[in-house]
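Just below is one structure, and these are the notes that go with it.
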Amino acid sequence: MTPQRVNLITLGVADLQRARAFYDALGWESSESTPGVVFYDLGGMKLGLFGLEPLAEDQGRPGATLGTGAVTLAQNFNSPQEVDVAFAQALKAGATALKSPEKVFWGGYSGYYADLDGHVWELAHNPFWTLDADGKLA
């Protein structure tokens, strides 16, 4: 098994139910949940939402202040129009616009928003990458 992989990304959130409602409003469907954690299937990996305090405790750092914004998560789309639709949907769900989608220096089209807990997402169209029917990099 290759060590070059990621199976789970966990986001620390201030209010689990509020965070779940935000991702639900984006059209995401929870694949499972356990007490205190909500999971979304990302096709071969999962995204987890976990309360900030329980996450710090689970990491062996009870009482630690966990930060946000130092990592960018990204979704790629088949066209700039799809980026615009997803960006508008995120804002409608309560996201904060950081950079509206626009043509970018590397030849693509992208914009950034922060979710309700400050986690940064990039929405992009990369004309050099092909996506399959499920939106996975081909």
Side-chain angles (χ1 to χ4, degrees):
M1 181 176 348
T2 178
Q4 188 170 316
R5 67 183 183 284
V6 173
N7 304 100
L8 173 65
I9 296 169
T10 302
L11 302 179
V13 299
D15 181 323
L16 185 59
Q17 295 312 313
R18 179 184 76 149
R20 182 178 190 163
F22 172 79
Y23 285 94
D24 288 351
L26 296 181
W28 291 42
E29 295 179 15
S30 174
S31 61
E32 62 185 285
S33 62
T34 62
V37 186
V38 175
F39 295 101
Y40 294 91
D41 184 14
L42 302 180
M45 63 184 296
K46 294 196 184 273
L47 176 77
L49 304 177
F50 200 161
L52 286 167
E53 290 178 20
L55 178 58
E57 187 172 321
D58 193 54
Q59 294 173 345
R61 305 186 299 156
T65 301
L66 302 180
T68 58
V71 171
T72 299
L73 302 164
Q75 288 182 302
N76 282 271
F77 295 88
N78 287 310
S79 70
Q81 295 77 18
E82 288 182 8
V83 171
D84 290 339
V85 168
F87 192 80
Q89 186 175 13
L91 297 184
K92 184 177 179 185
T96 300
L98 301 177
K99 183 183 107 178
S100 294
E102 62 183 29
K103 290 182 181 180
V104 291
F105 72 94
W106 47 267
Y109 183 82
S110 76
Y112 290 84
Y113 72 81
D115 74 6
L116 303 178
D117 289 281
H119 300 292
V120 178
W121 285 86
E122 177 187 21
L123 304 180
H125 169 248
N126 184 335
F128 310 107
W129 288 353
T130 303
L131 303 177
D132 70 13
D134 292 325
K136 296 177 191 171
L137 293 173

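Considering only residues two or more places apart in sequence or on other chains, Asp24 meets the side chain to side chain donor-acceptor pair (under 3.5 Å) condition with Tyr40. Applying the salt bridge (Lys or Arg N to Asp or Glu O under 4.0 Å) criterion to Glu53, with sequence neighbours excluded, gives no partner residue. Applying the salt bridge (Lys or Arg N to Asp or Glu O under 4.0 Å) criterion to Lys136, with sequence neighbours excluded, gives no partner residue.
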Validation: residues 7-19 side-chain donor-acceptor distances under 3.5 Å, sequence neighbours left out:
unit_1	atom_1	unit_2	atom_2	d
Asp15	OD1	Gln17	N	3.1
Asp15	OD1	Arg18	N	3.0
Arg18	NH2	Leu116	O	3.3
Arg18	NH2	Asp117	OD1	3.4

Below 3.5 Å, can you tabulate the donor-acceptor pairs from side chains in residues 87-104 to any protein atom, sequence neighbours excluded?
unit_1	atom_1	unit_2	atom_2	d
Gln89	NE2	Ala25	O	3.3
Gln89	NE2	Leu26	O	3.1

In residues 70-78, what donor-acceptor pairs under 3.5 Å come from side-chain atoms, sequence neighbours left out?
none

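Tyr109 and Asn126 are not linked by any side-chain donor-acceptor pair at a separation below 3.5 angstrom, with hydrogens and angles left out of the test.
Under the 4.5 Å side-chain heavy-atom criterion for Ile, Leu, Val, Met, Phe, Trp and Tyr, Met45 and Leu49 are members of the same hydrophobic cluster. In this structure, Trp121 is a member of the same hydrophobic cluster as Val38, with clusters built from ILVMFWY side-chain heavy atoms closer than 4.5 Å. Note: the hydrophobic cluster containing Tyr23 does not contain Leu55 (ILVMFWY, side chain heavy atoms under 4.5 Å, direct or indirect links).
One finds the CD atom of Gln59 at 8.5 Å from the CZ atom of Phe50 (value rounded to the nearest 0.5 Å). Leu47 CG to Trp28 CH2: the interatomic distance, rounded to the nearest 0.5 Å, is 5.0 Å. Separation of atoms OG (Ser110) and CD (Glu122) is listed at 4.0 Å; rounding is to 0.5 Å.
Under a 3.5 Å cut-off, the side chain of Ser30 and the backbone N or O of Phe39 do form a donor-acceptor pair.
Pairing each heavy atom of Lys46 with each of Ser31, the nearest pair is NZ-OG, 3.3 Å.
Residue Glu32 places its CD atom among more than 12 non-hydrogen atoms of other residues, nucleotides or ligands, all under 6.0 Å distant.
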